[in-house]
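Here's the structure we're looking at; comments come further down.
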Amino acid sequence: MTSLDVFVAGQEYGVKQVQVSPMVLFNVLDHYLRRAAGSTRVIGTLLGRVTGENSVEVVSSFPVPHSESGGEVGVDVVYHKSMFELQKSVEPGEEVVGWYATGDAPDANSVLIHEFYGQTCANPVHLLIDAELFTDMTQLKCFISTAYKIDAQDLRSEFRTVPVHVQATKADKTGLEALFRRTVEPLPESERVEKEVSREENEIENLEASLEALLELLKSIGTQVDSVISGETEGDASVGRYLTESLAGVPTIDVELFEKAYGDSMRDLLMVVYLAKLTKTQLNIAERMLSFDLKL
Amino acid sequence: MMAEEEPTEAIATGWTNITSVQLDGLVVMKIIKHCHENLPLTVTGQLLGMDVGENLEITNSYSFPQIQSSTLGPNDADRGDADLDHSQYQMNMMICVRNVNIDHQVVGWYQSSGSQMGSFLTMQWIDTQFSYQDNLQNVVCLVYDPVRTESGTLGIRAYRLSKAFVEMRKRREFTSFAFSRFGMDSSHIIEEVPIDLKMSTLQKAYIADMFCQPDLSAENSVELSRLSIAEESPLERTLEFMVNDLEVLNREQHKYSFFVRSNSARIGGLYQDLVRARRSGKENNDENPGRNEMDKLANAMSVETPRLESKMLIKELNLYVEKLTSLSVESVVKENAVLSLQMDQ
C-alpha cells in the first residue's frame, strides 16, 4: 500500500537537517570573490560529519576549480582528491558530505556535479549560497537528491530542499560578534590613529558594552510596562507572565549572608589585584638584578 | 644598531616597515575552528596574504597537521621524516592554494595557546619565529587564546621578535651582559603589532543577516552571555600558572646570584676597567670608549649560562599580571552589578 506513495522514497532518504558552520560560509564567499575571470559561479567540496540519524554537520570546505560550457561541466577531480588528502591529515574525522555552489537555483549542470559527489559519499548534500544577492537578501539553501520510485524501479530524481541553518559554537559567536561590531561601527579615521594600540579586544570595554546593552533592554521593557499600566497599549499576557517569571527568578538572599559573600569575594579580588601589582614590582626588581648598568 | 650599518642583510632592509596587521574575517573564523576542535592541544598553521606598504594583509590560512610526539622516535631519522612530511604537506598545500587564486605569500603563522591560559612564549616559539623572520621579511605570529574567546572576548594578538632581539639571536649571545649591551630587557624581546579586522562587503552582508537570526540575537547574544557570573573564572588557573612561573624564576635568580658571586673577583675587575675606560674616553671625546674592555668583559661573561629563559619568564609573567588585573577588574564590575541588583530589593 505504501508503495503507491511516490514520495515515500524521498522520506526514507535520510538527511533531514543540515547545519553549517559560519566558517564555511565565509570560505565560500571568499572563494566567490576570488573566482577566475569570466566564471559566474564557483563550486567546492563540503566536509563534515553525519550526526545522529538525519542530520549533517558541515564544518569545513575547500574550493574546487571547475569549468562549465554549454551542457558540459568539468570538475577538477585530481585537485579535489589531493586537497581532500591534505585536509584529512589535519582533521582525520572529517568526511566529504557534499558540495557547495554559489547562485540562485540549481541548474542542469548541478545534476552532473551532484552525480560526481554521489560517487564519493553516500548522500551528498548540495549547499547553494546566493553570493550575488539576486533577491537583495542573503540566502542559504540546501538540497538533497531524492528518487521517485514505484516499487523498486527508479523513475527520476529531483533536488529537494532540506532545512539548513548556520550553527555557531560559543567561540564562533565571540568571533562573529567582534567582526559584527566592526561592520556596524567601523572606527572613524581620527580615532584610528589615537587608538593605535588599544584597538584589540578588551575585556573591560566589552563588559561595559554588555552592561549598556542590558540597561538598554531594561529601559525598553520599562517603557513598555509603563505604557501598558497607563492604558496606552494593550498588555500581552504571555509577555507579562514571562516578566513575572524573570523577576521571580532573582533570588532573594538574606541581606547579611549576601553581604558576607559579597565582601569575601570582593576581598579576594582586591587581593588578586594587589598581588598582581606586587608581582609586577617584583618582576621589575628581577629584571634589574639580571642586568649590567652600562650607562656610565 | 648593527642592522642599520649593514643594509645588505635582508632583515635590516625589510620587515621593520609593517606597522599594522589587517586580518580577514575568514582567517579569524578558520583559526577559531581549528583551535577549538583540537582543545586542549596547541595547534599551529600558516598565514597567507601579502604586505601592502606598511600594512600586512592576512587573507587566508591553512592548518598544519598535528605532529604526534608519540610517533617521533628518539633518533633524528624519525624527526627528519616528520619534517620531510611537513614540508611536503606545505608544498602540496601551496600548490593547491595557488590554483584557486588564494594569496600564496606566506606572511606568518598562528598558534593557539591551548589550555595554558594564553601563554605562548617558549624557546620553541622563539626559534620558529626567528626562522620565519630570518627567511621572510614581513611575518607575524598570531597567538590565539581559546579560553579568553570562550568567555566572550576575542583573543587574537599579533607578535613578532624585535629587530634588536633578532640580532642577538643571530649571535646566540644570551648572557646578562649581552642583554645589557644590546639595550634589551624582557619587554623588548617581542613586540605586538596592532590588528585591524576586515571583511568584504559580501561577508558583512551575511554577518549582519546572521545577527538577525534567533541564534545570535536577543537572549542568545554574545553581549548578554558575557554577563554570566555562573561560569568558573579562569582567574584561579591563571594564578596557578603564575605561581609556578614565579617559582622557576626564583630558582633562576638564585643561580644567577650564585654565578655573580663566584665570578665577582674576575668580572668586577674587568667592569672597573670598563668604567675607567669610559670615563677617560669621555674626556678625550673618544667615539667609542672602552670598546676593548667591553669585548673582554663579554668574553669573560661568555661562560655564563644563557639568561634568555629568565627574560622570557619575566615577559610571560608580565603578560599574566596584565591578564590577572583585567580578569579581576572584570569580576569586580560584575560583583557590583549583582550588588546593586540585590540592594534594590
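In what follows, every chain begins at residue 1, and chains take the letters A, B, ... in the order their sequences are listed. FYI, side chains are in, hydrogens and waters are out, and symmetry mates aren't considered; it's all heavy atoms of this structure.
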Checklist entry - In terms of heavy-atom pairs under 4.5 Å, which option from Glu94(A), Gln87(A), His31(A) contacts chain B the most? => result Glu94(A)
Checklist entry - What residues, two or more places apart in sequence or in another chain, satisfy side chain to side chain donor-acceptor pair (under 3.5 Å) together with Thr238(B)? => result none
Checklist outcome for this item: Residue from Ile95(B), Leu324(B), Val28(B), Val100(B) scoring the most non-hydrogen pairs under 4.5 Å with chain A is Val100(B)
Checklist entry - Are any of the side-chain heavy atoms of Leu211(A) and Val333(B) separated by less than 4.5 Å? => result yes
Checklist entry - Mind checking what makes side chain to side chain contact (heavy atoms under 4.5 Å, CB included) contact with Val273(A), not counting sequence neighbours? => result Lys277(A), Ser328(B)
Item to check | Under 4.5 Å from a heavy atom of chain B, the part of Val59(A) involved | outcome: both
Next on the checklist: Looking at Leu207(A), is its backbone amide N or carbonyl O close enough to the side chain of Glu330(B) to form a donor-acceptor pair, meaning the two atoms are under 3.5 Å apart?
Outcome noted: no
Item to check | Backbone N/O of Glu335(B) and side chain of Tyr262(A): donor-acceptor pair under 3.5 Å | outcome: no
Next on the checklist: What part of Gln282(A) gets within 4.5 angstrom of chain B, counting heavy atoms only: side chain, backbone, both, or neither?
Outcome noted: neither
Item to check | Greatest number of heavy atom pairs closer than 4.5 Å to chain A - which of Ser200(B), Ser186(B), Ser257(B), Ser187(B) | outcome: Ser186(B)
Item to check | Heavy-atom contact with chain B under 4.5 Å, split by part of Leu86(A) | outcome: both
Checklist entry - Given a strict heavy-atom distance threshold of 4.5 Å, which part of Tyr32(A) is in contact with chain B: side chain, backbone, both, or neither? => result side chain
Item to check | Under 4.5 Å from any heavy atom of chain B - which part of Leu25(A) | outcome: side chain
Item to check | Pairwise side-chain contact, Thr279(A) with Tyr320(B), heavy-atom cut-off 4.5 Å (strictly under) | outcome: no
Checklist entry - Contact part of Glu91(A) toward chain B, heavy-atom cut-off under 4.5 Å: side chain, backbone, both or neither? => result side chain
